[in-house]
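Working notes for the structure below.
FYI, the numbering just counts along the sequence from 1.
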Amino acid sequence: MAAPRELDEAKVEAFMEKALRDLSGTMTIGLCHLGDRLGLFKDLATSGPAGSQELADRLDLNERYVREWLRGLTAAGYLEEPEPGRFALPAEHAPALADESGPMFLGGVYQMIPAALAPYERLCQMFRSGGGVPQSDYPDILWDGMSRFTGSWFESVMVDDWLSTFPHVVEKLDRGIDVADVGCGAGRALIVLAQAFPRSRFTGFDNFPAQVERARQNAEKAGVADRVTFETLDVTQGLPGHYDLITTFDVIHDAAEPKQLLSAIRAAVKDDGDYLMLEINCRDRPEDNVGPVATMFYGFSMFYCMTTSLANGGAALGTCGMPEAVVRSMCAEAGFSDVARSTTDDPFNVLYDITP
């Protein structure tokens with residue numbers, strides 16, 4: 001039996017520091033979710049610095065809880081205390097914590113994390129038995145958080161940043177075409193497109209009825225229900241028509257049957273049409289997916305993307321399961337002839353224009 005290796009004490013200490021930082025980050029996320037849900041961040045951003053009692057009064061909250069929240073996020077470096085007992089949200093932190101309309105807003109992510117952890121015990125069972133956690137096991141706040149997270153991207157960067165890479169698609173949308181969005185969720189992407197391109201007609205499809213209903217309500221509120229409709233449909237069984245443009249936004253890696261889904265999309269996109277696929281920005285080699293962003297991706301994969309696919313007996317590609325090499329291979333197998341990658345510098349997403 002080999003003698004135990006002598007530990008490098010410096011590495012032990014360095015790892016303990018990292019582990020403690022990660023534990024601190026977990027608590028910070030919980031505090032941030034409270035700040036987002038209760039309006040604390042937005043109040044500090046709009047009404048300015050406050051003591052705990054003043055902030056509690058402004059939002060009709062309990063002072064003792066507000067005080068602990070302020071202390072916790074000041075300790076984390078999210079808030080500042082310019083004078084004893086008075087707290088401020090730095091202007092540079094507001095885009096991530098308080099500006100819901102901007103591309104940096106993280107409130108939806110903070111909302112998603114406790115919701116994704118809700119079926120934790122069921123997930124532990126799946127480690128032993130196999131299978132997965134179905135979408136129905138998650139609380140409704142997950143879908144709302146998901147919509148808020150991705151919606152800020154759609155509303156701030158999709159038209160002027162993502163689509164600008166493919167001007168011929170923009171020209172078609174301007175003229176007026178038929179568009180289908182597969183896996184439409186709450187409909188935020190199609191609503192943005194309908195607002196930007198009023199001559200085009202849009203249909204969203206999702207196999208989760210609750211999301212379709214949310215999408216319909218969102219379209220009504222946005223005033224675009226005259227040109228945006230939503231239907232509950234398992235698209236792997238085929239789309240009810242042919243379209244000039246089909247889109248999927250972070251959908252294929254979640255799909256139970258991604259190859260069948262891509263084949264159905266190929267069959268429904270016109271020969272002179274386009275398929276826009278938004279997917280996670282990850283590396284071809286799994287060993288290259290390291291660091292904070294990759295860690296977040298794998299976490300969401302474990303607690304939602306991978307396990308919900310497995311719940312349907314699916315391929316379970318996972319959040320990092322559609323790097324560029326896989327996108328090209330699967331699209332070629334589905335019958336597409338060309339894949340063009342957008343040139344935008346986005347750490348989270350990549351947009352591909354895929355043509356028959």
Side-chain angles (χ1 to χ4, degrees), residues 29 32-33 35-37 39 41-42 45 94-116 135 138-164 173 179-198 200 202-206 208-225 227-230 245 247-254 276-281 293 296-297 300 304-305 319 342 344 346-351:
I29 287 170
C32 285
H33 178 44
D36 173 64
R37 182 168 178 174
F41 287 131
K42 288 176 181 174
L97 302 175
D99 183 7
E100 185 141 4
S101 62
M104 298 182 184
F105 183 66
L106 296 175
V109 185
Y110 296 140
Q111 180 176 344
M112 288 170 63
I113 289 175
Q135 287 181 315
Y138 292 88
D140 286 347
I141 62 167
L142 177 69
W143 321 120
D144 182 52
M146 194 178 295
S147 176
R148 293 174 71 209
F149 181 39
T150 58
S152 63
W153 290 342
F154 297 145
E155 291 161 10
S156 59
V157 301
M158 183 164 66
V159 175
D160 295 332
D161 190 6
W162 292 345
L163 285 182
S164 65
L173 287 163
V179 181
D181 183 34
V182 174
C184 64
R188 297 283 288 272
L190 279 195
I191 289 168
V192 169
L193 289 173
Q195 291 169 331
F197 304 104
S200 290
F202 305 88
T203 306
F205 299 97
D206 202 288
F208 194 33
Q211 285 288 68
V212 170
E213 184 56 35
R214 290 185 186 92
R216 289 171 178 159
Q217 293 174 7
N218 288 338
E220 288 284 352
K221 291 177 184 175
V224 295
R227 55 189 182 276
V228 183
T229 59
F230 297 96
L245 175 65
T247 59
T248 59
F249 297 101
D250 285 341
V251 166
I252 303 301
H253 71 264
D254 282 334
L276 293 181
M277 176 199 292
L278 188 76
E279 266 299 333
I280 298 298
N281 188 359
V293 174
M296 180 182 69
F297 287 159
F300 278 123
Y304 179 77
C305 299
T319 309
S342 67
T344 56
D346 187 325
F348 300 111
N349 297 290
V350 179
L351 185 66

Quick one: salt bridge (Lys or Arg N to Asp or Glu O under 4.0 Å) partners of D140, sequence neighbours excluded? R214
Point-to-point distance, once rounded to the nearest 0.5 Å, from CD of Q111 to CG of D144: 4.5 Å
Which residues pass the side chain to side chain donor-acceptor pair (under 3.5 Å) test with T248, sequence neighbours left out? Y275
Would you find a donor on one side and an acceptor on the other, under 3.5 Å apart, between the side chain of E279 and the backbone of I252? yes
For A194 against V228, the heavy-atom pair lying closest together: CB-CG2, 3.3 Å
Do the non-hydrogen side-chain atoms of F348 and T150 ever get within less than 4.5 Å of each other? no
Is any side-chain heavy atom of T344 closer than 4.5 Å to a side-chain heavy atom of L351? no
Among residues at least two apart in sequence or on other chains, which ones pass side chain to side chain donor-acceptor pair (under 3.5 Å) with E220? none
After noting the C-alpha distance and the side-chain angles of L163 and L276, does the key distance pass the side chain to side chain contact (heavy atoms under 4.5 Å, CB included) rule? CA-CA 9 Å; L163 285 182; L276 293 181; 3.5 Å; yes
Can you name the residues that form a side chain to side chain donor-acceptor pair (under 3.5 Å) with Y304, not counting sequence neighbours? Q135
Those residues that, when tested against Q195, pass side chain to side chain contact (heavy atoms under 4.5 Å, CB included) (two or more places apart): I191, A222, V224
Taking the side chain as everything from C-beta on, heavy atoms only, tell me whether P198 gets closer than 4.5 Å to R227. yes
N349: which residues meet the side chain to side chain contact (heavy atoms under 4.5 Å, CB included) condition with it, sequence neighbours left out? W153, W162, D250, L278, I280, D346
Could you tell me which residues satisfy ring pair (Phe, Tyr, Trp, His ring centres under 6.0 Å) with F197, sequence neighbours excluded, listed by chain and number? none
Let's go through S101 and E155 carefully: what are the C-alpha distance in whole Å and the side-chain angles of both, what is the deciding distance for side chain to side chain contact (heavy atoms under 4.5 Å, CB included) to 0.1 Å, and is it a yes or a no? CA-CA 7 Å; S101 62; E155 291 161 10; 5.5 Å; no
Give me the atom names and distance for the closest heavy-atom approach of L97 to C32. CD2-SG, 4.4 Å
Contacts of A115 meeting side chain to side chain contact (heavy atoms under 4.5 Å, CB included) (sequence neighbours excluded), chain-then-number -> P139, I141, L142
Drop me the distance from L106's CG to E100's CD, to the nearest 0.5 angstrom. 11.5 Å
Tell me whether S147 contacts the main-chain N or O of W143 through its side chain, where contact means a donor paired with an acceptor under 3.5 Å. no
So do the side chains of T319 and M296 get within less than 4.5 Å of each other, counting heavy atoms only? no
If I compare all heavy atoms of A196 with all of V159, which pair ends up nearest, and what's the gap? CB-CG2, 4.0 Å
Closest non-hydrogen atom pair, G145 against M112: C-CG, 3.5 Å
For R37, I'd like to know if atom CZ has over 12 heavy atoms of other residues, nucleotides or ligands within 6.0 Å. no
Would you check if the side chain of D206 reaches a backbone N or O of G185 as a donor-acceptor pair within less than 3.5 Å? yes
Which residues pass the side chain to side chain donor-acceptor pair (under 3.5 Å) test with D161, sequence neighbours left out? none
My understanding is that only residues two or more places apart in sequence, or in another chain, count here; which of them pass salt bridge (Lys or Arg N to Asp or Glu O under 4.0 Å) with D36? R148
Residues that P103 engages under side chain to side chain contact (heavy atoms under 4.5 Å, CB included), provided they are two or more places apart: S156, V157
Residue pair L190 / F202: nearest heavy atoms and the distance that separates them: CD2-CD2, 3.8 Å
Partners of F41 by ring pair (Phe, Tyr, Trp, His ring centres under 6.0 Å), sequence neighbours excluded? W69
For residues C184 and F230, report the shortest heavy-atom separation together with the two atoms involved. SG-CD2, 3.7 Å
Taking C-beta and beyond as the side chain, do H33 and I113 meet within less than 4.5 Å on heavy atoms? no
